[in-house]
Amino acid sequence: MSNHDTHVEVGGDYRTLTLEAFADTIVPGEKRWAGDRAIAGVATGGGAVQAGALELLAWDATGIHDGLDDLARLLNGHTEDYAKERDLTLDQDVPPFVSLSYEDRAALILRLTKPGHPEKEFWVLLSLFCNMSFDSAAHLPTAQALADGHPGLEAMGLSHPDADGLWRFKDFGYGRAFARLHPDTTASGSPA
């Protein structure tokens with residue numbers, strides 16, 4: 001890991017804004033309000049942040065939840081180096097990564113995830129979890145995520161379950177049934 005030691009305090013809003021900006025760079029969404037600094041607003045509809053990326057990252061099942069302050073600190077340290085290289089002025093009112101334009105955020109993440117970067121595994125893992133929040137809502141029960149209008153599941157056109165909470169598909173994926181239902185299959189679909 002890098003030895004970056006940024007002067008901005010870690011935790012709370014600092015971490016939240018930094019990780020939201022990272023997640024929004026991975027799966028962009030629209031700004032939640034006019035002055036939203038974390039979300040660049042380069043896409044319409046909800047992105048990773050609206051899909052719950054921060055909730056998924058904080059979930060202990062990810063195994064990275066205890067290191068989020070360190071990842072935010074490292075990302076902002078890399079941002080300060082990036083800004084110096086490009087002679088960019090960072091806004092001191094927000095964490096350094098949040099201060100970058102979307103294009104600069106994406107360029108920095110590309111640098112951090114390239115083969116050969118000593119921290120690549122951390123940044124790829126963080127990116128994968130941000131993507132997972134949008135693509136699968138892994139941190140939420142699927143039926144509840146759909147009922148709440150999860151942006152990723154809606155964008156993919158995932159169907160809603162039937163009234164009993166089970167998914168049934170009236171049309172076969174290949175236009176025909178491949179096999180008949182076994183006579184001992186229970187009403188819930190389990191084999192007897």
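Atom CG of Leu112 sits about 4.5 Å away from atom NE2 of His117, to the nearest 0.5 Å. Of the inter-residue distances, the one linking Leu17 atom CG with Asp36 atom CG reads 8.5 Å to the nearest 0.5 angstrom. The OG1 atom of Thr79 sits 9.5 Å away from atom CZ of Arg105, with the distance rounded to the nearest 0.5 Å. For the atom pair CG (Leu128) and OG (Ser133), the distance works out to 11.0 Å, reported to the nearest 0.5 Å. Separation of atoms CG (Leu71) and OG1 (Thr18) is listed at 11.0 Å; rounding is to 0.5 Å. Atom CZ of residue Arg168 and atom CG of residue Asp162 lie 5.0 Å apart, to the nearest 0.5 angstrom.
Within the structure, every pair that satisfies the side chain to side chain donor-acceptor pair (under 3.5 Å) test and touches residues 37-48, not counting sequence neighbours, is listed here: Arg37-Asp91.
Under a 4.0 Å N-O distance rule, the pair Arg111/Glu85 qualifies as a salt bridge. The residues Arg32 and Glu20 are annotated as salt-bridged, a charged nitrogen and a carboxylate oxygen being separated by less than 4.0 angstrom.
For the residue pair His150/Gln144, the side-chain donor-acceptor check at 3.5 Å is not satisfied. For the residue pair Tyr14 and Asn76, a side-chain donor N or O sits within less than 3.5 Å of a side-chain acceptor on the partner. Side-chain contact, Asp13 with Thr16: no donor N or O sits under 3.5 Å from an acceptor N or O.
Within a 6.0 Å radius of NZ in Lys31, more than 12 heavy atoms belonging to other residues, nucleotides or ligands are found.
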Which side-chain N or O atoms in residues 54-63 pair as donor and acceptor under 3.5 Å with protein atoms at least two apart or in another chain?
unit_1: Thr62; atom_1: OG1; unit_2: Leu57; atom_2: O; d: 3.4
unit_1: Thr62; atom_1: OG1; unit_2: Trp59; atom_2: O; d: 2.9
unit_1: Thr62; atom_1: OG1; unit_2: Ile64; atom_2: N; d: 3.3

Using residues 153-160 as the side-chain source, report each donor-acceptor pair under 3.5 Å to any protein atom, sequence neighbours left out, with the distance given to one decimal.
none

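Residues Tyr102 and Thr25 share a closest heavy-atom pair of OH-O, 3.4 Å. Nearest heavy atoms, His139 versus Gly52: NE2-O, 3.4 Å.
The shortest distance between side-chain heavy atoms of Phe122 and Leu126 does not fall below 4.5 Å.
In this structure, Trp123 and His78 have perpendicular ring planes: the angle between them is above 60°, well past the 30° mark.
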